[in-house]
Amino acid sequence: MTTTSNEVTARKVETTRDLPVRTPATDIYETEHGIVVVADMPGVSDKGLEVTLENHVLTLVGRTEWRGPEGREALHREFGPVEYRRTFTLAEDLDREKITARIKAGQVQVTLPKAAKAQPRRITVEHTT
Amino acid sequence: MKRNLIPWRRPRTESAVARREESTPLPELHRRMNDLFEDFFADFERTALGPVLGRGWAHGLADLPRMNVEETDREIVVTADLPGLEEKDVQVTVDDDVLTVRGERKEEREEKRKDYHLMERSFGSFHRTLPLPAGVDKEKIKAALKKGVLTVTLPKRPEARADRKAIPIEAG
């Protein structure tokens with residue numbers, strides 16, 4: 001889900017300049033295997049979503065595709081095109097290589113598995129007579 | 001007629017709307033201040049008053065989805081932000097010239113969750129109504145849910161379309 005080419009990044013950055021930035025409502029919870037981040041980004045599809053990891057900083061950026069009036073007269077307005085943006089600092093014990101992200105119905109879910117060494121492990125006690 | 005179209009909504013705290021222009025420090029400061037306030041209210045939510053005010057109230061969704069209403073000569077288009085909802089979770093009904101959008105956002109509980117580090121998203125049922133103006137062809141109303149945004153298209157009846165007429169201005 002991270003950006004694949006510089007060209008894509010450049011184009012995306014270009015289009016954000018005038019988008020108001022909104023902080024998406026986010027839940028973060030821990031499971032046995034890692035951390036799950038869920039953020040609400042209504043109006044964003046996989047095309048408008050960027051999940052990047054730089055050092056220990058995870059950044060979620062979602063841009064809504066233009067949903068403006070398009071020739072229609074706006075009678076009442078409570079939302080417009082926005083850039084959802086949120087940054088998190090990750091703990092050391094997460095496996096940075098295995099982070100996955102998906103977006104469904106304007107809801108982003110990022111799964112950050114714990115590194116093998118941080119997983120609880122049962123040590124077998126050797127039996128000696 | 002237009003006034004009727006404005007949906008009722010509880011006033012809410014506006015979330016960060018600062019523009020992102022990192023080259024200039026002032027808007028950035030503004031954005032950070034907004035974040036600070038939001039974080040403060042998010043923390044506040046988890047305290048004693050949280051259950052009273054309801055989860056997510058500081059973030060705007062609260063129990064009512066945001067809604068836009070737009071109009072052309074031919075139709076009225078209503079959009080609503082419904083992140084995480086699918087077709088089966090939403091009902092759109094029209095009766096007595098009132099459009100009602102209702103639904104329920106359920107939390108998925110597929111796996112065992114231990115500790116919550118952050119809890120800002122809101123869940124539960126919501127219901128919002130919108131009085132419709134005369135002239136909407138109720139038989140032809142369509143609704144679609146894409147990317148967490150509901151779009152309801154309400155076409156006007158042909159006679160209602162003719163309602164709007166440009167008045168020629170005579171030269172003096």
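Just so we're on the same page: letters track the sequence lines, and every chain starts at 1. In this text, all values refer to a predicted model and were calculated from it rather than measured experimentally.
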Side-chain contact, heavy-atom cut-off 4.5 Å: [X] with [Y]?
X	Y	value
B:R105	A:Q107	yes
A:F79	B:T79	yes
B:Y116	A:D27	yes
B:M119	A:I28	no

Charged N to carboxylate O below 4.0 Å: is that the case for [X] and [Y]?
X	Y	value
B:E70	A:R72	yes
B:K146	A:E65	no
A:E78	B:R128	yes

How far does CD of A:E73 sit from CD1 of B:I76, to the nearest 0.5 angstrom?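 One finds 10.5 Å between CD of A:E73 and CD1 of B:I76.
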
Give, for atom CG of B:N68 and atom NE2 of A:H76, the distance between the pair rounded to the nearest 0.5 Å.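 So the CG of B:N68 and the NE2 of A:H76 are separated by 7.0 Å.
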
Are B:V77 and B:V101 linked, directly or through intermediate hydrophobic residues, by side-chain heavy-atom contacts shorter than 4.5 Å (ILVMFWY only)?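 No: no chain of side-chain contacts under 4.5 Å links B:V101 to B:V77.
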
Is B:V69 reachable from B:L150 through a run of I, L, V, M, F, W or Y residues, each pair having side-chain heavy atoms under 4.5 Å apart?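 Linked, B:L150 and B:V69 end up in one cluster.
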
Heavy-atom pair with the smallest gap, counting every atom of B:V149 and A:P42: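 Smallest interatomic distance, heavy atoms only, reads CG2-C, 3.9 Å.
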
Least distance between heavy atoms, B:E120 atom then A:P24 atom: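 Heavy atoms only, the tightest pair is OE1-O, 3.7 Å.
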
Distance-only, no hydrogens or angles: does the A:D40 side chain make a donor-acceptor pair with backbone N or O of B:P83 under 3.5 Å?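 No, A:D40 side chain to B:P83 backbone: no donor-acceptor pair under 3.5 Å.
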
I'd like to know whether CZ of B:R74 has more than 12 heavy-atom contacts from other residues, nucleotides or ligands below 6.0 angstrom.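 Not more than 12 within 6.0 Å, no.
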
Option passing side chain to side chain contact (heavy atoms under 4.5 Å, CB included) with B:H117 (candidates A:T26, A:V37, A:I35, A:V36):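 Of the listed options, the one satisfying the test is A:I35.
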
